[in-house]
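Down below is the structure, laid out as structure tokens.
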Amino acid sequence: MRLILLGPPGAGKGTQAQRLVQKYGIVQLSTGEMLRAAVAAQTPVGLQAKDIMASGSLVPDEIVIGIISDRLDQPDMKNGFILDGFPRTVPQAAALDDLLKKKHIKLDAVIELRVNESALLNRVETRVAEMQARGEEVRIDDTPEVLSKRLASYRSMTEPLIHYYSERRKLATVDGMMTIEQVTREINRILTAVGAVEPKAVPARKARGAARKTAMPAGKKAAKTAKKAVKQARKAAKPASKAAKKVGKAGRRAASPVRGRGAGKAKKAAKKAVRKAAEKVTKKRAKR
Ligand code: AMP
């Protein structure tokens with residue numbers, strides 16, 4: 001599976017990517033994470049990116065494209081990957097197209113998580129609180145001020161990718177305001193629809209039931225219909241219980257699959273039973 005998750009900060013890309021990693025054993029490539037690691041390790045890339053990231057702006061395209069290109073060459077990529085936070089600009093998307101073409105890799109889908117902007121600040125605040133509770137270091141760009149800058153970058157630089165991928169028939173949009181579970185389910189549905197994952201296996205009991213249904217012989221089916229007709233006849237003939245009893249007998253005979261009656265015979269018998277019952281009822285009523 002080769003997938004891109006698209007969405008503003010706080011849309012849930014990281015959470016969903018983690019779930020896909022666990023389910024399918026693929027690799028999550030988050031340029032944000034890689035850049036943070038580079039900053040922490042004080043590599044040349046990290047030193048270049050540090051202040052840009054802290055301000056909420058985007059790191060130059062050539063830096064992130066270089067990081068992704070190297071990463072795609074690693075052996076753990078062979079099972080598939082999820083790109084989270086990359087591409088973020090149209091030039092990055094074009095560069096990714098070239099890279100994938102050269103490496104003979106096909107992209108399965110781009111899933112956009114669409115959320116109300118008003119909910120994002122809340123989500124990021126929750127993320128900060130959770131990280132603090134776990135004793136983790138809080139991201140320096142997770143403040144209301146920097147968040148609004150990151151949102152502005154998303155709108156102007158990243159949102160054009162929605163058009164870019166929808167033109168290439170790769171885009172699927174998911175309502176990111178649903179619960180985490182619902183979003184996961186919807187993503188899995190899309191991945192199945194595009195053939196990126198195998199359809200979920202049907203539980204054995206359900207499968208047996210379905211098989212029995214499809215394997216039901218015509219005679220048996222007709223017998224079921226006949227039973228239904230008998231029930232209806234009984235209802236109609238309620239005041240004339242004797243007649244109803246006869247109908248029941250005839251109907252049961254018609255409905256019995258063990259007697260080996262064929263579809264046509266069973267149906268005919270049931271019809272006859274219904275007709276007779278109705279006639280008896282009418283006659284009795286007329287006598288009264
Ligand atoms: P994220 O963890 O995806 O929110 O990214 C954190 C920060 O890393 C962003 O605000 C950018 O400064 C930088 N960054 C991550 N990915 C990219 C990218 N594809 N292009 C440019 N900058 C990026």
Side-chain angles (χ1 to χ4, degrees), residues 1-34 64-65 67-116 123 154-155 157-204 206-207 210:
M1 178 203 309
R2 279 107 194 171
L3 175 70
I4 294 176
L5 287 180
L6 205 61
K13 302 186 298 290
T15 306
Q16 295 299 331
Q18 275 301 310
R19 294 183 140 218
L20 292 167
V21 166
Q22 273 169 15
K23 185 162 183 179
Y24 299 109
I26 49 175
V27 177
Q28 172 189 10
L29 295 186
S30 155
T31 38
E33 288 292 333
M34 292 182 211
V64 277
I65 293 167
I67 296 178
I68 287 290
S69 173
D70 291 346
R71 195 62 187 87
L72 287 177
D73 287 332
Q74 306 292 313
D76 61 347
M77 289 291 117
K78 67 177 190 312
N79 284 339
F81 53 79
I82 308 163
L83 290 170
D84 156 17
F86 180 91
R88 250 177 161 101
T89 64
V90 171
Q92 288 182 20
L96 178 66
D97 281 348
D98 286 347
L99 278 175
L100 295 179
K101 207 169 166 188
K102 265 188 223 146
K103 297 178 201 294
H104 306 288
I105 298 171
K106 189 183 150 277
L107 194 63
D108 291 308
V110 177
I111 297 183
E112 177 209 359
L113 299 181
R114 194 169 285 181
V115 283
N116 296 344
R123 285 193 178 190
Y154 179 79
R155 255 180 261 123
M157 313 287 277
T158 312
E159 250 177 19
L161 292 184
I162 293 169
H163 179 65
Y164 183 94
Y165 286 115
S166 96
E167 260 193 337
R168 284 158 182 76
R169 305 205 172 284
K170 288 282 176 206
L171 189 83
T173 299
V174 171
D175 176 6
M177 299 306 293
M178 297 188 293
T179 64
I180 293 176
E181 199 51 54
Q182 286 170 325
V183 173
T184 306
R185 225 175 294 141
E186 188 55 15
I187 291 177
N188 281 317
R189 192 192 61 73
I190 293 166
L191 292 175
T192 310
V194 299
V197 295
E198 292 288 317
K200 204 173 151 194
V202 184
K206 255 192 183 172

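Every heavy atom of this structure was used, including side-chain atoms; hydrogens, water molecules and symmetry mates were not. FYI, the numbering just counts along the sequence from 1.
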Under 4.5 Å between any side-chain heavy atoms of [X] and [Y], yes or no?
{"X": "Ile187", "Y": "Leu113", "result": "yes"}
{"X": "Val64", "Y": "Thr89", "result": "no"}
{"X": "Leu191", "Y": "Leu20", "result": "yes"}
{"X": "Leu6", "Y": "Arg114", "result": "no"}
{"X": "Asp73", "Y": "Lys103", "result": "yes"}
{"X": "Lys106", "Y": "Leu100", "result": "no"}
{"X": "Tyr165", "Y": "Leu107", "result": "yes"}
{"X": "Gln74", "Y": "Val27", "result": "no"}

In Å and rounded to the nearest 0.5 Å, what is the [atom1] to [atom2] distance from [X] to [Y]?
{"X": "Arg185", "Y": "Ile190", "atom1": "CZ", "atom2": "CD1", "answer": "13.5 Å"}
{"X": "Met1", "Y": "Asp108", "atom1": "CE", "atom2": "CG", "answer": "7.5 Å"}
{"X": "Arg71", "Y": "Phe81", "atom1": "CZ", "atom2": "CZ", "answer": "10.5 Å"}
{"X": "Glu167", "Y": "Lys170", "atom1": "CD", "atom2": "NZ", "answer": "14.0 Å"}
{"X": "Lys23", "Y": "Thr184", "atom1": "NZ", "atom2": "OG1", "answer": "8.5 Å"}
{"X": "Gln28", "Y": "Leu83", "atom1": "CD", "atom2": "CG", "answer": "10.0 Å"}

Can you name the closest pair of heavy atoms from [X] and [Y] and give their distance?
{"X": "Val115", "Y": "Pro8", "value": "CG2-CG, 3.7 Å"}
{"X": "Val194", "Y": "Ala109", "value": "CG2-CB, 4.4 Å"}
{"X": "Pro87", "Y": "Ala93", "value": "CB-N, 3.5 Å"}
{"X": "Leu5", "Y": "Lys13", "value": "CD1-O, 3.4 Å"}
{"X": "Gly14", "Y": "Asp84", "value": "CA-OD2, 3.7 Å"}
{"X": "Pro9", "Y": "Tyr154", "value": "CD-CB, 4.5 Å"}

Ignoring hydrogens and angles, tell me if any N or O in the side chain of Gln92 forms a donor-acceptor pair with the backbone of Arg88 under 3.5 Å.
yes
Main-chain N/O of Gly85 paired to Thr31 side chain as donor or acceptor, under 3.5 Å
yes
Test side chain to side chain contact (heavy atoms under 4.5 Å, CB included) applied to Asp97 and Arg168, step by step
CA-CA 11 Å; Asp97 281 348; Arg168 284 158 182 76; 3.9 Å; yes
Look at atom CE of Met77 and say whether more than 12 heavy atoms of other residues, nucleotides or ligands are closer to it than 6.0 Å.
yes
Might you work through the side chain to side chain contact (heavy atoms under 4.5 Å, CB included) test for His163 and Leu171, ending with a clear yes or no?
CA-CA 9 Å; His163 179 65; Leu171 189 83; over 6 Å; no
From CA spacing to verdict: side chain to side chain contact (heavy atoms under 4.5 Å, CB included), Ile4, Phe86:
CA-CA 8 Å; Ile4 294 176; Phe86 180 91; over 6 Å; no
Pair Val183, Thr15 - check side chain to side chain contact (heavy atoms under 4.5 Å, CB included), show working.
CA-CA 10 Å; Val183 173; Thr15 306; over 6 Å; no
